[in-house]
Amino acid sequence: MQIEIPKDNWQGSVNTVTLGATPEEGGTRTRTVTIGGQQTLPFLHFEQTPPNRPVIALEITAARPGDWSPVLLDAWGDAIDDPGNWAGACESAGADLIVLSLGLTEADGRSADPESAVRATKSTLGGTGLPLIVLGPGQAELDNDFVIAVADATKGERLVLGLCEDSNYRTIVAAAMANDHLVVGRTPMDVNLAKQLNILITDMGLPLDRIVMDPTTGALGYGIEYGYSVMERLRIAALQGDAMTQLPLLVNPGAEAWKTKEAKVGEGVPDSWGKWEERASNWETVTAVALIEAGADIVVLRHPDSVTRVRNALDELMAVG
Amino acid sequence: MALTGIQIYKLLPQTNCKECGFPTCLAFAMKLGAKQVELSDCPYVTEEATAQLAESAAPPIRLIELVGEGHQIRVGNETVLFRHEKTFYNRPGLLISIQDTLDETAIEQLAKTVDAYGVDYVGVDLRIDGLAIEATSGDAARFAEAVRAVRRVSDLPLVLVGEDPAVLGAGVELLEGEKPLLIGANARNWDSMAELALQNGAALGATAASLEELAELTEQLRSKGVEDIVLHPGAARMGPTLAMQTQIRRLALKNFRPLGYPTIEFVGGSDDGRQQAVLATQAISKYAGLVVLDAFSPELLYPLLVLRENIYTDPQKPIQVQPALYEINNPTPQDPVLVTTNFSITYFSVANEVEGSGIPAWLLVTDAEGMSVLTAWAAGKFDAESIAKAVKQFDVAARVERHDIVLPGHVAVLSGELEEELPDWNVLVGPREAVDLPAFMKTVLSEGSTVH
Ligand code: B12
Ligand code: SF4
């Protein structure tokens, strides 16, 4: 029986974005990461060979995190106390890039400041050759101060700076433009809000091949279905040709999954939840793989085991036969 | 193939009698073509027309029911490619496979464990839907023993897996009154498998490596009279499986009948058992009707069952609980009041922690249109005014003497306004996450009460 396979013939495509710069390109990275370029929904090889595979980022923090699950602290051991060592350990664990989250306090309890943010960034760059995403502590004013200092001190590295939100995108975008960096913008689970922020950012003159977008997600069991569908809708809009949705998608299944009780708590929970470490890893992996199916280009994870599993999934998804 | 409105019209009485509720037969035919009305709404269709129309009225993906000794699984009947287009309807069945080469006690043990497994997620009791018994031994007597062993301890629906009709036959004939699924038919054995399925009232799986072969096989099965078919696309890895599943769903929704059936995926067989999590995640998200895992492990099943709930909830309406003043651990008027929203995940995260703490409390659930705490706050549906309104509506002051009211930590900013709204109450700010509630209740809340 002859079957005509229904193929979509989309007009639009996702922007191709390259993160990081090697010495020849004006940075210090040993490799760069290129994402985007798709003209089809995720992994539909029969319509187009995926031009780039989604990538796995591991998140580290400038100072030992106070609220991370003991499962994560165990997995990383002493490396956690130094962003450079930690970043190196992430590279060995198989990460494609690193996300450095700047916090409000330093290891010794003092308030973090722009200098300490730069120190942590430099230390991370020294500890790994992978491209780097640097995120402020999440308070508009401090984000601006920290991110400007980091951007100035790392000119030419093609870091990704964030998080741009509607309240604070201007300063971060300006700092990125002045120093050959990229930015990531975050909006709360809404196609139109995502488009609006992208319009604001590009209006400042930052080219589209230097922006990625984080549409926000929820963890498995805690709102993932909303994030999943918003990503599918954004990707379909991109393929239909809507330029302000054609940005690669970054999501944080790691941070979301490890906030949940299922990942955090080992005792006093029902037996039917199963073994703690394994359940926690699965919580992160399942969240991440579901979001990859929905169109994620960068997934930010926290546990080394999840990297292995998600990488296996990506290998399988990139395989044709 | 589906008929167009005009084609349907030709089969109707064309009297325009209006009894169907439409002004003309043509108007009714158009609605029928769009699957918005039932054919039975017209009292005058001939039997012959009904038969012709039944084919086109059938859903694009056939609904398949598997029945055990009581329990059942329903899959198929899906109508969209993406959940945001409408919703996915029938949750894929999750099954655990059992090899007939295990000894009988091991089989019983495993079946019993699977049968007993249940986990509570936002008030819903999530369970494994069935068992797949694999005729790995190739021996009819042994296979029959395995089926008997399972049936001694479990009444879940069964899938019998094997290529030899004689071996599967020895198992299926033990399942009288049930509707199992046989996996199944392939290009070589389809004739005798079809007979076996028909004789025993079983659904039949069709296994083939390409869509063409799969479609040919289902047509052959249909020509023998088999209607309840499940597709078993034989792709090996995630990429090819995603392609086949997507193509099957697209073709089915275009009313290509030979592929208009639900699918089954076996996600076991990898050396690394944990890899099943990854394969099953894709299967649940992307179109599988039945998903068979080859190992039982709660730490794997719980996340997968939750994923299935999430992907299959109706995107139009968040799951909600009734706004009310809930009593947890038999509170007295001397116990504190905690406030939250009526999004079901939010309510259950909080209620479960309070219950687990063993400390009595009142839980005031406001009408936040089914939104989480921060979402509702950002949308203006959870503020000092709406909390004060709920206090009044549920007559809290009359039922509780101790006037301590605890806000979720994430909305600490509301405390000033709430104090103004509720001047005789002592407004406290709780922790941000519900996990930290028991500790908070043991320390802060038990330190003293403010009785007015
Ligand atoms: C899923 C989601 C949505 C879904 C809604 C799902 C729903 N039914 O509520 C959708 C997509 C519809 C949505 C919409 C919006 N969202 Co929204 N959304 C989320 C998301 C991803 C998860 C929320 C969730 O379900 N959490 C899980 C539940 C269980 O958490 P919870 O209710 O807070 O409960 C926990 C605690 O609060 C605590 N707790 C609860 N009750 C109590 C009570 C007491 C006494 C105590 C002590 C503790 C406690 O226990 C629970 C477990 O720890 C969050 C971001 C995130 N990752 O968290 C954004 C988020 C909440 N959304 C946000 C926004 C801004 C919006 C919109 C306004 C965006 C827009 N303009 O369209 C809209 C508003 C809705 C509208 N206008 O219709 C923002 C809020 C920002 C802020 N700080 O104000 C967030 C934080 C995202 C962000 N970072 O920007 N959202
Ligand atoms: S009830 Fe039947 S015959 Fe009468 S108008 Fe409707 S479709 Fe035509």
Side-chain angles (χ1 to χ4, degrees), chain A residues 1-6 8 41-46 188-189 218 220-226 228-230 232-233 236 259 261-262 264-265 268-283 285-290 293-294 305 309-310 312-313 315-321, chain B residues 82-84 117-122 211-213 215-216 219 236-243 246-247 250-251 254 256 258-259 272 274-275 277-282 284-286 297-304 306-307 309-313 315 345 349 352-353 356 372 375 378 433-435:
Chain A
M1 186 181 303
Q2 274 296 99
I3 298 179
E4 200 188 323
I5 306 276
D8 285 328
L41 291 168
F43 311 104
L44 298 184
H45 295 255
F46 62 96
M189 292 218 180
L220 177 63
Y222 297 83
I224 190 179
E225 66 272 34
Y226 295 95
Y228 181 94
S229 285
V230 166
E232 288 200 328
R233 289 172 54 209
I236 289 169
K259 270 200 305 209
K261 179 170 181 180
E262 282 80 355
K264 267 187 166 169
V265 181
V269 301
D271 288 343
S272 53
W273 285 20
K275 289 200 263 337
W276 180 21
E277 282 88 352
E278 193 55 25
R279 178 213 319 146
S281 270
N282 279 334
W283 217 263
T285 307
V286 170
T287 306
V289 174
E293 299 283 349
D305 283 355
R309 294 174 200 194
V310 173
N312 284 343
D315 289 346
E316 288 225 352
L317 281 163
M318 293 302 287
V320 185
Chain B
F82 305 102
R83 58 187 294 282
H84 65 257
Y117 182 76
V119 60
D120 174 90
Y121 169 67
V122 297
L211 291 188
E212 286 79 10
E213 292 164 286
E216 264 159 39
E219 290 292 88
R237 310 180 72 181
M238 281 170 85
T241 305
L242 178 64
T246 304
Q247 292 165 355
R250 284 186 187 172
L251 285 160
K254 287 179 187 292
F256 180 67
L259 295 177
D272 180 0
R274 296 172 307 184
Q275 199 57 18
V278 166
L279 300 177
T281 299
Q282 172 170 295
I284 291 167
S285 317
K286 292 292 173 185
S297 90
E299 53 275 10
L300 172 61
L301 293 170
Y302 175 35
L304 294 177
V306 170
L307 178 69
E309 286 306 295
N310 290 168
I311 297 290
Y312 278 74
T313 49
I345 306 178
S349 334
N352 287 345
E353 291 304 334
S372 80
T375 310
E433 303 302 334
V435 198

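Each chain gets a letter, A, B and so on, in the order its sequence line appears, and its residues count up from 1.
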Toward chain A, the part of [X] with a non-hydrogen atom under 4.5 Å:
| X | value |
| --- | --- |
| B:Val278 | both |
| B:Ile345 | side chain |
| B:Leu279 | side chain |
| B:Thr313 | side chain |
| B:Ile284 | neither |

What option among [options] has the most heavy-atom pairs under 4.5 Å with chain B?
| options | answer |
| --- | --- |
| A:Arg279, A:Glu225, A:Gln2, A:Met318 | A:Glu225 |
| A:Glu262, A:His45, A:Met189 | A:Glu262 |
| A:Trp283, A:Phe43, A:Phe46, A:Trp273 | A:Trp273 |

Structural part of [X] lying under 4.5 Å from a heavy atom of chain B:
| X | result |
| --- | --- |
| A:Pro188 | neither |
| A:Glu4 | backbone |
| A:Leu220 | both |
| A:Tyr228 | side chain |
| A:Ser229 | both |
| A:Val265 | side chain |
| A:Pro270 | neither |

Worksheet item: If you measure only the distance, is there a donor-acceptor pair under 3.5 Å linking the side chains of B:Tyr121 and B:Glu309?
Response: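 No pair is found: no donor N or O on one side chain lies under 3.5 Å from an acceptor on the other.
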
Practice prompt. Considering only NZ, NE, NH1 and NH2 on the basic side and carboxylate oxygens on the acidic side, decide whether A:Arg309 and A:Glu278 come within less than 4.0 Å.
Written response: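 Between A:Glu278 and A:Arg309 there is a salt bridge, with a charged N closer than 4.0 Å to a carboxylate O.
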
Worksheet item: Is the shortest distance from a Lys or Arg side-chain nitrogen in A:Lys264 or B:Glu433 to a carboxylate oxygen in the other one below 4.0 Å?
Response: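 A salt bridge is absent here (no side-chain N lies under 4.0 Å from a carboxylate O).
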
Discussion item. Test of understanding: with salt bridge (charged side-chain N to carboxylate O under 4.0 Å, His left out), list the residues that count as partners of A:Asp8, not counting sequence neighbours.
Written reply: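 Partners of A:Asp8 under the salt bridge (charged side-chain N to carboxylate O under 4.0 Å, His left out) test: B:Arg250.
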
